[in-house]
Every structure is written in structure tokens, then in C-alpha cells.
Asker: 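One structure follows; several queries about it will come next.
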Number of protein chains: 2
Amino acid sequence: MATEGSLTTSMFHILMSLADRPRHGYGILREIEGRTDGEVRMGTGTLYSAIRRLLNKGVIRESSSRPDTDDDERRVYYELTDEGLAAARGEARRLGLLVAQARSKQLLPRG
Amino acid sequence: MATEGSLTTSMFHILMSLADRPRHGYGILREIEGRTDGEVRMGTGTLYSAIRRLLNKGVIRESSSRPDTDDDERRVYYELTDEGLAAARGEARRLGLLVAQARSKQLLPRG
DNA sequence: CCAAACTATATCACGACGCGATCTATCGCA
DNA sequence: TGCGATAGATCGCGTCGTGATATAGTTTGG
């Protein structure tokens, strides 16, 4: 839709994963699965193509920080840019409004 | 993503419009714009192609009920099916969880 | 000790979807 | 009469999600 700066659900999930700390691709996958109790399972095709697009948009970047223990040299770490944090907050705000509207339309309990 | 029965944001907006009463295409457009304070403006390309897909999915159907006043014979009215109401509630619930997660990641005020 | 499962990244092709542009036609109003 | 709003519809382009497939190192259970 013509909603400035809005993100797809996949992209928002990825930004949410990176909101608290840098993570690598596969780690993002597991964080999403864990956070959503296994309800959301992103495939690697979705993940890596979304990462490429997010890099191009400038909302994430490769991170040089790596864990001092349990590292794996194959990993590529990513982190939010300032624009990425702002984009994530904007999308969270939009979704919050959407949920409030759903509640007022009796689509949720305590509406 | 591999999230059973999930809807795109456009589709969810349309189902929300139909949650309280049947509406016609152009009416859905204006309801969305009004409900979101003009932040979301869906084009007719998005609208009518989404309506076709929602009809095919069986979540909306053409409605025979028409307003007794201020009608316009050009209009085509739509309403939610039982499956459509369930789908809208499911999506609202998923989005609510997503917003709660965003809040716990400090992406929203009062998090 | 070896196979299977897991970790990790990456690409491809297909289909679904968003979206602006464009078209046709009617309606309400000045 | 003429113009803007209402109303529905389609087209093509570009974006995106997705499963399949490939490659390869690591861990773990039997």
C-alpha cells in the first residue's frame, strides 16, 4: 500500500531479531522460531533474500562484533543501523494502531 | 512465511473494513483511509486484485444486502464469510502477539 | 567410528502480490 | 453543461515469499 516506509512482515521479524543484539542469519531464523513458539518458520530463501534487500535499503549492516565464546567462523553477523531502528519503531507503531483498530472492530477479546 | 493462514496487510485491511458491515469496493477504500487518518491509501489496483483473491479463498462473498437509502446501482457489495471472520480474528491475534514482542524489545513506548 | 542430524550460507525459478497508470462510465452539483 | 467525485476494472512491472537444491563444516548418538 501507499504507506511510506512500511515493511513486510518478514522484514519486520528480522529487524525485531536484531533489535536487542547482532545476530547471524541462522541465529535470526532460530530466534524467530523461538520467539513465536514455533508458529513462524521462515525458510532460508526468504531469509537471505530479505537480508540482501535490507542491506540495500540501509536498515541493517554487517557487524564486526563477534561473540568471544562459541563463535563459528562461517557466520555473518548483522546489526541495525540508526535508520533500521527508526524503521522498526515506525512499523511497530503502525502495527499497534492496526491492532487497536482490530480490537475496536471486535476482532479481539476485551474489545 | 510458513505461518498457516496468514494474510497480507492489504487483505487484513479489507477484512477489517467488512468486519462491522458489508461494503462496496470504493467504500472499503474510503473506510481504510478514514480509519487510518489518511496514513494508508490503497490504490484500486491493489484493492480489486485483492478482492478477487479473497473471493477465491472464500473469506469474502458478494452480499445481497443493500442500503435502503443512498444506494448506487453501480456498487458491488461484499461481506465476510464465517471463514473470513475466523481468518480476521486469527490475523488480529497474530499481530497482537507481534506487537507485544515489539514492546518487549523496546520498540514501543511503555515497553 | 561412522552416519545422521544440525549448523550455516547461498542461489534459483515460480508464483503471489502491490501498485501506479489508464480506461470507462455514472453521479451530484454548481 | 461541465467538472470533480464516485465506482469498477485491467494491465504490466517490480518486489517479495517460498520450496528446492547445493555445499560444507560440526556435533552427536548408536
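Just so it is clear: chains get the letters A, B, ... in the order the sequence lines come, proteins before strands, and each one is counted from 1.
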Asker: Give, ordered by number, those residues of residues 17-37 of chain A having at least one heavy-atom distance below 4.0 Å to an atom of DNA chain D; if nothing qualifies, reply none.
Answerer: none
Asker: List the residues meeting side chain to side chain contact (heavy atoms under 4.5 Å, CB included) with T3(B), not counting sequence neighbours, and say none if there are none.
Answerer: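 Applying side chain to side chain contact (heavy atoms under 4.5 Å, CB included) to T3(B) gives V40(A), M1(B), S6(B), R94(B).
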Asker: Go nucleotide by nucleotide along DNA chain D from the 5' end; which of T44(A) and D70(B) gets its closest nucleotide reached first?
Answerer: D70(B)
Asker: Who passes side chain to side chain donor-acceptor pair (under 3.5 Å) against E39(B), sequence neighbours left out?
Answerer: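 Residues passing side chain to side chain donor-acceptor pair (under 3.5 Å) with E39(B): R93(A).
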Asker: Identify all pairs in which a protein N or O lies below 3.5 Å from an N or O of nucleotides 24-26 of chain C, and state each distance.
Answerer:
from, atom 1, to, atom 2, distance (Å)
dT26(C), O2, R74(B), NH1, 2.7
dT26(C), O2, R74(B), NH2, 3.4

Asker: To the nearest Å, how far apart are I51(A) CD1 and dA8(C) P?
Answerer: 13 Å
Asker: Out of I28(A), L47(A), T36(A), which residue meets the side-chain contact (heavy atoms from CB on, under 4.5 Å) rule with H13(A)?
Answerer: T36(A)
Asker: Not counting sequence neighbours, list each pair that qualifies as a salt bridge (Lys or Arg N to Asp or Glu O under 4.0 Å) and has a residue in residues 95-109 of chain A.
Answerer: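 Every salt bridge (Lys or Arg N to Asp or Glu O under 4.0 Å) pair that includes a residue of residues 95-109 of chain A, provided the two are not neighbours, is K105(A)-D20(B), K105(A)-E31(B).
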Asker: Ignoring hydrogens and geometry, is there a side-chain-to-backbone donor-acceptor pair from E33(B) to R41(B) under 3.5 Å?
Answerer: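 Looks like no, no N/O pair under 3.5 Å.
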Asker: What residues form a side chain to side chain contact (heavy atoms under 4.5 Å, CB included) with S64(B), not counting sequence neighbours?
Answerer: none
Asker: Any donor and acceptor pair, going by atom type alone, linking the side chain of R75(B) with main-chain N or O of G27(B) inside 3.5 Å?
Answerer: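 Side chain of R75(B) to backbone of G27(B), a donor-acceptor pair under 3.5 Å: no, none is there.
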Asker: If you take any heavy atom closer than 4.0 Å to DNA chain D, which residues from residues 76-90 of chain A end up in contact?
Answerer: none
Asker: What residues form a side chain to side chain contact (heavy atoms under 4.5 Å, CB included) with R89(B), not counting sequence neighbours?
Answerer: L107(A), L85(B)
Asker: Under the side chain to side chain contact (heavy atoms under 4.5 Å, CB included) rule, collect the residues that match up with R74(B), sequence neighbours excluded.
Answerer: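 Once residues adjacent in sequence are excluded, the partners of R74(B) under the side chain to side chain contact (heavy atoms under 4.5 Å, CB included) criterion are D72(B).
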Asker: I want to check one thing: is the phosphate of dT9(C), taken as OP1 and OP2, less than 4.0 Å away from some side-chain N or O of Y48(A)?
Answerer: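 Yes.
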Asker: So which pairs with a foot in residues 65-96 of chain A pass ring pair (Phe, Tyr, Trp, His ring centres under 6.0 Å), sequence neighbours left out?
Answerer: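 Every ring pair (Phe, Tyr, Trp, His ring centres under 6.0 Å) pair that includes a residue of residues 65-96 of chain A, provided the two are not neighbours, is H24(A)-Y77(A).
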Asker: Using a cut-off of under 3.5 Å, enumerate the N/O to N/O pairs linking the protein to nucleotides 12-17 of chain D.
Answerer:
from, atom 1, to, atom 2, distance (Å)
dG17(D), OP1, T8(A), OG1, 2.7
dG17(D), OP1, S10(A), OG, 3.3
dG17(D), O3', M1(B), N, 2.9

Asker: Quick one, R21(B) and S65(B) - any side-chain contact, counting heavy atoms below 4.5 Å?
Answerer: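 They are not in contact (no side-chain heavy atoms under 4.5 Å apart), so the answer is no.
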Asker: Which whole-number value in Å describes the distance from R41(A) CZ to dG19(D) P?
Answerer: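 After rounding, the gap between these two atoms is 11 Å.
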Asker: Without swapping roles, check the side chain of S49(A) against the backbone of G45(A) for a donor-acceptor pair under 3.5 Å.
Answerer: yes
Asker: Rounded to whole Å, please give me the gap between CG in N56(B) and P in dG15(C).
Answerer: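 Taking atom P of dG15(C) as the reference, CG of N56(B) is at 16 Å.
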Asker: Got a list of side-chain donor-acceptor pairs under 3.5 Å for residues 52-62 of chain B, not counting sequence neighbours?
Answerer:
from, atom 1, to, atom 2, distance (Å)
N56(B), ND2, R52(B), O, 3.4
R61(B), NH1, E79(B), OE2, 2.8

Asker: Just the rounded figure in Å: distance from C1' of dG28(C) to CG of D71(B).
Answerer: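 My rounded result for the distance is 15 Å.
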Asker: When the distance from CZ of R75(A) to C1' of dT7(C) is rounded to whole Å, what number comes out?
Answerer: 8 Å
